[in-house]
Amino acid sequence: MSIYRQTHKNLMKLTALCGLLSLYSPTSALAEGKLNIYCSLQSTTCEKVAQVFGEKYDVKTQVVRNSTGTVLGKIKSEKDNPQADVWFGGTIEPHLQAADLGLLEKYRSPNQKDIMPQFKDIMDKRGDYVSVIYFVELVLGVNTKKLAELNIAPPKCFADLTDERFKDQIQYTDPRVSGTGYAFLATMVTLYGEDKAFEYFAKLNKNVSQLAKTGMSTHKLATGEVGVNVSFMNTYLLEQEKGAPVEGVRPCEGISSTLGATSIIKGARNLDNAKIFTDWVLTKEAQELQWRETGAYQLPTNIHAEAYPKAKLPKDSHFIKLDVLKFGSDKESKHLIDRWVETTLNPQ
């Protein structure tokens, strides 16, 4: 056999072997490179999720943490020069608003099949741009020690918050910059109708000590600087774990709730990695990681994932049903927030 034929034969064997190996290469080989993440969960969760994903898929991750309203503003301003690939976490409504504005990349993850069936309608209608990754309930947070010292009975209902006994004792988040604050606004509109809802906020404002910038701002409640806060149950569970005298109270009117979401930013520079990240955060592994290792106690939406035991809902829970698609529209959001500013912050 000539040297040429032997060399050619060896090259053919090598090529075949490389092809065979490629069939068995881990997915991580496809995900090498970078991923830039805007995250609207607590900082420790953002960092841990980015770290684990990066190690699992051999991707260099960079994460920036901001509230949902702030991230939406950044994505708008960066429309012609995107600085991130994915938006992970935060309430679903701002994600839907971003989709309405053409700021998100179209991608329907195959792992949406594992999302709880009660969210199927939302996924059928908007799953091309947004995936549901967790569920949170909007409740009242109370510092039991602070209210006892002031001899103030804790609130049982949203309606109680306008009572003068809570003057300077209430904090909630600004709906202009926070998905939590917008969820509270949408809840009141659902409960009372628009006109009465804004009458409620005008009265509530007399008792508000401070508007927070993010739903994660429960520090003032935990330390007793305020006695009452309006946010999601998972934030109060975290403060309890830290030893604070904080409890979450499910309001008498019913439990309002919202969904957490993830989406891919239009023009993502690392689009393939953004898709792999979206697939992964919909898995049991990724959703359990958040409460098992970072104290993010929201309820997972993957049908196979276990929830933090203390976060499980009572069997007799009564829910206030929000129209997620309505409140998630950019037009409706702008209308409600503009009216909130006019009637609450700048009353005549």
Side-chain angles (χ1 to χ4, degrees), residues 37-43 45-46 49 63-76 84 86-101 103-104 119 122 126 129-141 158 171-190 197 201 211-218 229-236 238 248 255-263 265 281 290 296-299 301 320-341 344:
I37 304 167
Y38 281 158
C39 182
S40 296
L41 283 165
Q42 63 196 55
S43 296
T45 303
C46 297
V49 167
V63 62
V64 175
R65 196 272 160 198
N66 281 120
S67 64
T68 52
T70 300
V71 172
L72 180 57
K74 286 174 71 68
I75 295 174
K76 287 179 181 178
V86 294
W87 182 5
F88 173 61
T91 52
I92 192 172
E93 290 85 358
H95 286 261
L96 294 176
Q97 292 158 30
D100 284 350
L101 293 169
L103 301 173
L104 300 183
F119 309 125
I122 294 173
R126 303 306 297 271
Y129 293 95
V130 175
S131 290
V132 172
I133 54 174
Y134 60 83
F135 169 90
V136 284
E137 49 179 324
L138 186 75
V139 299
L140 308 175
F158 285 121
Q171 174 181 269
Y172 73 95
T173 51
D174 189 332
R176 294 173 296 178
V177 297
S178 167
T180 307
Y182 184 69
F184 183 30
L185 176 55
T187 297
M188 294 300 104
V189 171
T190 301
F201 278 105
L211 289 171
K213 297 302 182 184
T214 168
M216 302 297 174
S217 296
T218 51
N229 186 61
V230 181
S231 189
F232 297 123
M233 179 65 84
N234 59 295
T235 63
Y236 305 134
L238 178 59
I255 301 170
S256 182
S257 60
T258 191
L259 300 168
T262 193
S263 54
I265 297 168
V281 296
Q290 295 172 50
Y297 297 129
Q298 61 267 10
L299 294 160
T301 54
I320 301 167
K321 295 183 179 180
L322 301 187
D323 186 338
V324 172
L325 299 182
K326 171 188 173 182
F327 292 114
S329 77
D330 183 64
K331 182 179 178 181
E332 182 70 6
S333 169
K334 186 177 187 307
H335 164 68
L336 291 178
I337 290 175
D338 285 349
R339 189 168 180 186
W340 175 84
V341 171
T344 304

A.B. asks: Is a side-chain donor or acceptor of Tyr182 paired with a backbone partner of Gly328 at a separation under 3.5 angstrom?
C.D. replies: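 Such a contact is absent between Tyr182 side chain and Gly328 backbone.
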A.B. asks: Is Leu96 close to Val324 at the side-chain level, that is, under 4.5 Å between some pair of heavy atoms?
C.D. replies: yes
A.B. asks: Indicate the atoms forming the closest heavy-atom contact of Ile337 with Pro175, along with that distance.
C.D. replies: CD1-O, 3.4 Å
A.B. asks: Using modelled atom types only, decide if a donor and an acceptor are shared between the side chain of Thr262 and the backbone of Trp87 within a distance under 3.5 Å.
C.D. replies: yes
A.B. asks: So which atom in Leu138 and which in Phe158 form the shortest heavy-atom distance, rounded to 0.1 Å?
C.D. replies: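 That closest heavy-atom pairing would be O-CZ, 4.2 Å.
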A.B. asks: On the 0 to 90° scale, with breaks at 30° and 60°, tag the Phe201-Phe184 ring pair as parallel, tilted or perpendicular.
C.D. replies: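 Plane angle over 60°, so perpendicular.
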A.B. asks: Ser178 side chain to Thr180 main-chain N or O, any donor-acceptor pair under 3.5 Å?
C.D. replies: yes
A.B. asks: Using a 3.5 Å distance criterion without hydrogens, assess whether the side chain of Arg65 forms a donor-acceptor pair with backbone atoms of Gln42.
C.D. replies: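 Between the backbone of Gln42 and the side chain of Arg65 there is no qualifying donor-acceptor contact (under 3.5 Å).
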A.B. asks: Looking at every heavy atom in both Thr301 and Val132, which two are closest together, and how far apart are they?
C.D. replies: OG1-O, 3.1 Å
A.B. asks: Is the shortest heavy-atom distance from the side chain of Trp340 to the side chain of Asp174 under 4.5 Å?
C.D. replies: yes
A.B. asks: Testing Cys39, Ser40, Cys46 for side-chain contact (heavy atoms from CB on, under 4.5 Å) with Phe88, which one passes?
C.D. replies: Cys39
A.B. asks: Identify the heavy atoms of His95 and Ser263 that sit nearest to each other, and give their distance.
C.D. replies: ND1-OG, 2.8 Å
A.B. asks: Could you tell me whether a side-chain N or O of Asp330 sits under 3.5 Å from a main-chain N or O of Asp100, the two making a donor and an acceptor?
C.D. replies: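 No, the answer is negative, given that no donor and acceptor are paired below the 3.5 Å cut-off.
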A.B. asks: Donor-acceptor pair, Ser67 side chain versus Val177 backbone, under 3.5 Å?
C.D. replies: yes
A.B. asks: Taking all non-hydrogen atoms of both residues, which atom of Ser231 and which atom of Tyr236 are closest, and how far apart?
C.D. replies: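 Heavy atoms only, the tightest pair is N-OH, 2.9 Å.
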A.B. asks: Quick one: do Thr258 and Ile92 satisfy side chain to side chain contact (heavy atoms under 4.5 Å, CB included)? Show the steps, please.
C.D. replies: CA-CA 7 Å; Thr258 191; Ile92 192 172; 4.2 Å; yes
A.B. asks: Taking all non-hydrogen atoms of both residues into account, name the closest pair between Ala99 and Arg126 and its distance.
C.D. replies: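 That closest heavy-atom pairing would be CB-NH2, 3.6 Å.
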A.B. asks: Compare all side-chain heavy atoms of Thr218 with those of Leu238 and state whether any distance is below 4.5 angstrom.
C.D. replies: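 Sidechains of Leu238 and Thr218: no contact.
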